[in-house]
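These notes are about the structure you will find just below.
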Amino acid sequence: MMSNFDFVEPAKKGVLRLMCSSGANFLLKPVFSRGFSASLHLVLLLSLFLLWVFKKFKVVDFDGFKQRSRNARFLYYRQTLFCCLFLSIFSFIFCCLYFFWYKSGWSESQIVTLLDLALKTLAWFATSAYLSTHFLNSGASKFPCLLRIWWGFYFFASCYCLVIDLVTDNKSHSSPVLNLVSDSVSVLTALFLCYVGFFGKNLGEDSLLHEPLLNDSTNANGLESKKPTGDQTVTPYANASLVSILTFSWMGPLIAIGKKKALDLEDVPQLADCDSVNGVFQIFKNKLESDASSGGITTLKLVKALVFSVWWEISLTALFALIYTLASYVGPYLIDTFVQYLNGRREFKTEGYALASAFMVAKLIECLAQRRWFFKLQQAGFRARAALVAMIYNKGLTLSCQSKQSHTSGEIINFMSVDAERVGDFSWYMHDLWLVVVQVVLALLILYRDLGLAAIAALVATIIVMLLNYPLGSLQENFQNKFMESKDKRMKATSEILRNMRILKLQGWEMKFLSKINELRKKESGWLKKYVYTFAMSSFVFWGAPTFVSVVTFGACMLLGIPLESGKVLSALATFRILQEPIYNLPDTISMIVQTKVSLDRIASFLRLDDLQPDVIEKLSKGSTNIAVEIVDGNFSWEPSSTQPTLKDINLHVSQGMHVAVCGTVGSGKSSLLSSILGEVPKVSGTIRLSGTKAYVAQSAWIQSGKIEENILFGKEMDRERYERVLDACCLKKDLEILAFGDQTVIGERGINLSGGQKQRIQIARALYQDADIYLFDDPFSAVDAHTGSHLFKECLQGLLGSKTVIYVTHQVEFLPAADLILVMKDGRITQAGKYSDILSSGTDFMELVGAHKQALSALDSEEAGPVTENMSINEEDNKVRSANKILQRAESRSGRNGKVDEAVGPKAQLVQEEEREKGRVGLPVYWKYLTTAYAGALVPFILLAQILFQVLQIGSNYWMAWATPVSKDVKPAVGGSTLIIVYVALAVASSFCVLFRATLLVTAGYKTATLLFEKMHMCIFRAPMSFFDATPSGRILNRASTDQSAVDMNIPFQVGSFAFSMIQLLGIIAVMSHIAWQVFIVFIPVIAVCLWYQQYYIPAARELSRLIGVCKAPIIQHFAETIAGSTTIRSFDMVHTFQDTSKRLIDGYSRPKFHSAAAREWLCFRLDWLSAFTFGFSLFFLISMPVGVIDPGIAGLAVTYGLNLNMLQARVIWNLCNMENKIISVERIFQYTSIPSEPPLVIETNRPESTWPSFGEVDICNLQVRYALHMPFVLRGLTCTFPGGKKIGIVGRTGSGKSTLIQTLFRIVDPAAGQIQIDGLNISSIGLHDLRSRLSIIPQDPTMFEGTVRSNLDLLEEYTDNQIWEALDKCQLGDEVRRKEGKLDSIVTENGENWSMGQRQLACLGRVLLRRSKVLVLDEATASVDTATDNLIQQTIRQHFVDSTVITIAHRITSVIDSDMVLLLDHGLIEEYDTPSRLLENKSSSFARLVAEYTARSSSSFS
């Protein structure tokens, strides 16, 4: 009873005193300000209660809730709700603190303050509840009038209370610090709420900046929103305010969209002009060209141009880096003073607040400067990379032929994908060298102030650590360079293998090439192993460096007799911790400088390569002359250093409108002549003149990835009438009808889903649509059948191009008589020139060609030609397992992989889809699978245990120093000096060895995981069915084999480790701080909760942006690879600028997600830094408000020392978590490729054929039914026939008839749905794929040669002697050619066999099968690229050397199948005719007889 009276009576007395005092004094009393604030909050609480009661009894219409609730997005609704909740929690925390601290006795001021805080807690919680329920459902366009008025009063009351706190003497009321903090927070939040309440309606209604969290496609009235998508708007950064730029608020809308849905590229805004490649490239190019005008491009000039193009960013980042460095040393500088303050030594009355404020302000400046520094660094890096990539691309388009031969396409792509990327990444390191000097100088000044001459010992120790880092850094750099070189070789081989995967599958070579890749990887991983273990040693040095420096410094203090005080020790420890980063990073920086210099040297040497001679061709103005093409005394050489020119003494005069035919044997220089007219062959002497525009059709078809229509238009506007005429002339309409999407069908990489003939006809259509003046055709008719060839010649060359100048190379002698001029070439010379009839009798070279053709026709001459049906379209070129069915099959295979079939799309799906990317959170199974890949995860617990021990020992050693050293000189030390140092050294050494143990285990697990994932992914890729490669551009596979594999090799183990380690460090700091003052938890827990909320809010957008970066890189590489392959065609059509623009668009497409991903990271880090600074500030103000003697000043100083790192570490935990999520996507992408459906087994041990199988080569086909997917129609519909052993079988039929499907079924590229094929009585489906394919041989339509030597190309499996190889070369007519080469069998074969003609490559493929001597040989258009004479020789060679073999021939030349023992004619998957040629020809109505009759009639008419 008495205690209650005692409690109330002082309050009554206080009120009486207030009532009696004058008005002015009364208003200045803190108790009044608190009472006024409490009264206002009580009124708000009552008003909200009455409002709730009123709404409870009123019927509310919720029908329009969904639409109305969207209004909230205009009002900063969520931010306001968050603010109210924050104020409620904040007030509750302060209420608890007051109650805890003053429970022993209460003054009237404390009672009123406690009441104010309690009412604030309830009032703001009630406001939050109202906002989240009733207001959201109300559909109001503004916040309620009640709240807006209340926020105004709240702002006034908060300002009033803050002023009272500042002007009133601190001694007149208790807890001044808490009141000051509380009122400061109240003023800031009240200011925000007033701004939102009174100006909120007009915030961002039309701005992308305020879209974020309730984004939807409809507006408040339910109408369709007209807002543009992200890719139609420029990034908000371009027009952001200063506050928005500093706080990265402009990123809010994109992160909000990412929270709502998985981001797509169209959601990501366009770059501002200054960040786009167009903005920076022109500056870079102009500067480089002006510097390079004297002396060419050097590395120094390249660096100057790069610096010049981003000088503003470099200057700004230097300033921010300096500000950050200065701010980061404020903490260590003030710690000693802070410890002395806690010990009771005060210089002036408000010293505590001044110190705490200095710590806080320095932290906030450090945060702002670091975030701007990092962002602008990345921005500069993106710009530099974009400028370099654009420059490399432009150079690739203008390279001369000999320059191209000195670099493979893989190496050129590496300049773009590796070197330019590395130069961009160097932006992170550009200021590190001079910053190290600044940091070391500042550290030494602080140490000298605290420890005197012992600072010299610290400097010596620092230099020793740096020097120790140097050999490690050099080793790392050396190992990394070797690793990158090995990786380049592996990627080059992988690229070549993927390009030729079809032939590898058909020949059964894929495992041999996989072992080649594994061998290359073995060398690569050897360097990787050395690199990661050196990295482990560097990690040991990094974590041991502060300990070593501190041991040396404190030891020097003991020797010099410098007294160690806890404040000075803590100041030194904090300084050593800051020095840790520059000491460690210096070798890394030097390494990066060296690597960047190497990359810049490589790029500079590439940019110095010779371009095509610009003055080779003398261009005549159109209409000024009758000359179309003129060459006078022309000598041209692919190798200018060679004494023997490729083309000699060329004299050619072509008038406007002439048709010129060029013929000759294989390797005579026909294609080189066309290349010289295009200006592609270096000119030794002579003159070339050209008048008008030109179009070129290459011998090897070059098709872009994209729609058929885009390939034909080739940058021109659509003229529907001309387009239709071109399609008719090129026989494409029927093909387009078959294709599911017509001319909108997307063509796969290198035209993978088209037949050779279709590719060639699309090429011709592209040339015709250009409506050029001069047309150059390089044997385009070789890839099409006889009927189609005749149609093309008649409709294109003689029809649409009747009045144009046409120069065409051909092996088909029947197309020669129509020419106005025929050029006969031999050994690089024009040996004969004139009209057909004139030169027929004037020389032997032409007579040989015509004689060979007539000899081939002689087999037909004995048969009388039957009538030919005009509309009979026979034997058009084969569609190569492609056609519509193929496209559908790919779609099905994709849906099968995804586990579902989209019925809406169903079979109507394009072959090449957008790259698969997972969406949403990376699942825990991915992490678990990754962690348990190596040693079933056995090393993981030991790694974590080592880190925990390290953290405990680190904290223990610092705790020991803080406890054992006296606070000041007049205090006796707790232990002796030697004990102090011995214990400290013991703890430090133990902690360092824990680091070594941890780092070694980590790299061991990471290396093993990388090796296993590589092997598994590559095995799955090489064992994937051919359908996978048809539907997947090689760029996607290469991206996983290079970028993603590199991430698994070099980054992900350390990223996962960093997250775990930083988490353990953070827990250690929390433990230390809570040991000093557990009340820190009151703030720390909600701050951590907010940090986690931010992380969860940020990560969906960041994850998808990271995935988009991976997806957007492949198209740049693919486009560049296509450009290099088709550079001749691009230049001939004058499309260089168009392709450069496309490249720039793709570069920007890649930079967009990279730029916004970097900004998103900084958005998160900025917020986490400020939250951490708030926690640190709270702990500081808490410590200075504690009475002297309550806590040990040394231990409190230790808490502050750790607290200095709190913001960095707290941000690092979240940052590492986000980074890990982003990087683990590489593992996820690799796992995608470890689950590709596999082909049937290579070998079935229980059913292996005899070593002599097949001994006869009899192929028995029984009721064969084949389709490409379950939901698709049959392509082969019940074939039954037998190919007798040792016989020659010719297969003919129109497009889609199933010829190629039959061959692919024979090689089990596709398996039958029903029926079977038996070879010598053995069902081929019952044996392994390798056993089958290795016993068969095929010469494919597209001749394939691999980079290497002549020997390695003929004998890939290294099974034959040199004599056998020479014998095979002689038989295939290449022996003399190879003997003329300097290296003979070791002569170099360049990438794709580019230094061999198409015909020679075809003969080399023949050489391979001659070595193998299989009992079953398939010729798939094997002689398409050779002249008739060479064709006759090949046929003769096959007849002679495969006399006992079954030879199955698909051919466009009737002469290639007419001497077959049997002819099979397919139609729509059924056998239409199957008999001997003689019997089929006897029946004049047979399809085969009509085909032969047509061919004979056409050939005869050509010569008549």
Side-chain angles (χ1 to χ4, degrees), residues 410-411 414 417-419 421-422 425 469 471-495 514-542 587-588 590-592 594-596 598-599 930-931 933-935 939-940 943 996-1019 1021 1037-1058 1220 1223-1227 1229-1231 1233-1234:
E411 286 171 335
N414 264 355
S417 62
V418 177
D419 293 303
E421 200 79 41
R422 188 176 289 152
D425 289 342
N469 258 327
L472 284 174
S474 299
L475 278 173
Q476 262 184 283
E477 181 199 333
N478 181 41
F479 293 151
Q480 190 173 20
N481 285 340
K482 297 287 188 185
F483 171 72
M484 290 306 293
E485 285 171 19
S486 305
K487 184 188 169 187
D488 284 350
K489 288 178 185 172
R490 172 174 66 82
M491 289 311 301
K492 189 170 158 187
T494 306
S495 177
L514 175 60
S515 66
K516 181 181 173 184
I517 292 293
N518 285 335
E519 278 299 313
L520 290 169
R521 171 65 182 179
K522 197 173 177 183
K523 290 177 186 171
E524 181 188 350
S525 59
W527 294 115
L528 174 65
K529 191 173 188 177
K530 289 174 181 174
Y531 173 82
V532 294
Y533 280 106
T534 313
F535 187 88
M537 285 303 297
S538 298
S539 185
F540 169 62
V541 171
F542 171 63
D588 201 24
I590 293 166
S591 168
M592 193 64 187
V594 172
Q595 286 179 47
T596 307
V598 169
S599 287
Y930 176 74
L931 290 173
T933 297
Y935 311 110
L939 297 183
V940 175
I943 294 168
L996 182 61
F997 184 63
R998 181 206 76 190
T1000 307
L1001 287 181
L1002 180 67
V1003 298
T1004 303
Y1007 170 76
K1008 183 69 175 175
T1009 303
T1011 304
L1012 292 173
L1013 287 180
F1014 177 89
E1015 288 171 359
K1016 192 171 181 186
M1017 177 175 75
H1018 279 72
M1019 175 58 82
I1021 289 171
I1037 303 172
L1038 290 172
N1039 221 359
R1040 281 170 173 81
S1042 61
T1043 309
D1044 293 319
Q1045 185 63 46
S1046 281
V1048 172
D1049 287 341
M1050 311 283 269
N1051 301 115
I1052 294 172
F1054 307 112
Q1055 207 68 59
V1056 174
S1058 292
M1220 183 175 70
K1223 291 287 184 187
I1224 205 77
I1225 289 164
S1226 288
V1227 174
R1229 282 160 59 85
I1230 286 174
F1231 281 153
Y1233 275 28
T1234 58

Problem - Short side-chain to backbone donor-acceptor contact, Arg1040 and Arg1229, under 3.5 Å - result: yes

Handout entry: Beyond-backbone contact of Tyr1007 with Pro1053, side-chain heavy atoms, under 4.5 angstrom
Key = no

Completion exercise
Interatomic distance, NE2@His1018 vs CD1@Ile1037, rounded to 0.5 Å, equals 9.5 Å

Exercise for the section: Measure across Ala1041 and Met491 and return the closest heavy-atom pair with its distance rounded to 0.1 Å. Expected result: O-SD, 3.8 Å

Handout entry: Of Lys489, Arg490, Lys487, the residue whose pairing with Glu524 passes salt bridge (charged side-chain N to carboxylate O under 4.0 Å, His left out)
Key = Arg490

Completion exercise
Residues Ala934 and Thr1009: closest non-hydrogen pair is CB-OG1, 3.3 Å

Practice task
Output all residues satisfying salt bridge (charged side-chain N to carboxylate O under 4.0 Å, His left out) with Arg998, sequence neighbours left out; order by chain, then residue number.
Solution key: none

Exercise for the section: Work out which heavy atom in Val940 is nearest to a heavy atom in Leu931; give both atom names and the distance. Expected result: CG2-O, 4.1 Å

Problem - Sole residue of Lys1008, Arg521, Lys1223 in salt bridge (charged side-chain N to carboxylate O under 4.0 Å, His left out) with Asp1049 - result: Arg521

Problem - Spacing of CD1 belonging to Ile1225 relative to CZ belonging to Phe1231, to within rounding of 0.5 Å - result: 14.0 Å

Practice task
Check whether any side-chain heavy atom of Thr1011 lies under 4.5 Å from a side-chain heavy atom of Phe1014, and answer yes or no.
Solution key: no

Problem - Met1019, CE atom: more than 12 neighbouring heavy atoms under 6.0 Å - result: no

Handout entry: Result of checking Asn1039, Asn1051, Thr1043, Asp1044 against Ser1226 for side-chain hydrogen bond (donor to acceptor under 3.5 Å, both in side chains)
Key = Asp1044

Exercise for the section: Identify the heavy atoms of Gln1045 and Ala1010 that sit nearest to each other, and give their distance. Expected result: NE2-O, 3.3 Å

Practice task
State, yes or no, whether a side-chain contact exists between Met1050 and Tyr531 at a heavy-atom distance under 4.5 Å.
Solution key: yes

Completion exercise
Contacts satisfying salt bridge (Lys or Arg N to Asp or Glu O under 4.0 Å) that involve residues 528-542 (not counting sequence neighbours) are none

Problem - Closest heavy-atom pair and its distance - Thr494, Ile517 - result: OG1-CD1, 3.3 Å

Handout entry: Atom pair OG (Ser1058) and CG (Leu1002), whose distance is rounded to the nearest 0.5 Å
Key = 8.0 Å

Problem - Spacing of CG belonging to Leu514 relative to CD belonging to Glu519, to within rounding of 0.5 Å - result: 11.0 Å

Handout entry: Distance-only side-chain donor-acceptor flag, Asn481 / Glu485, under 3.5 Å
Key = no

Completion exercise
Looking only at heavy atoms, the pair that brings Ser599 and Asp419 closest together is OG-OD1, 2.8 Å

Practice task
Nearest 0.5 Å please: distance from the CD1 atom of Ile1052 over to the CD1 atom of Ile1230.
Solution key: 7.0 Å

Problem - Nearest-0.5 Å distance that lies between atom CG in Leu520 and atom OG in Ser525 - result: 10.5 Å

Handout entry: With sequence neighbours excluded, residues passing side-chain contact (heavy atoms from CB on, under 4.5 Å) with Leu996
Key = Met537, Phe540, Phe993, Thr1000

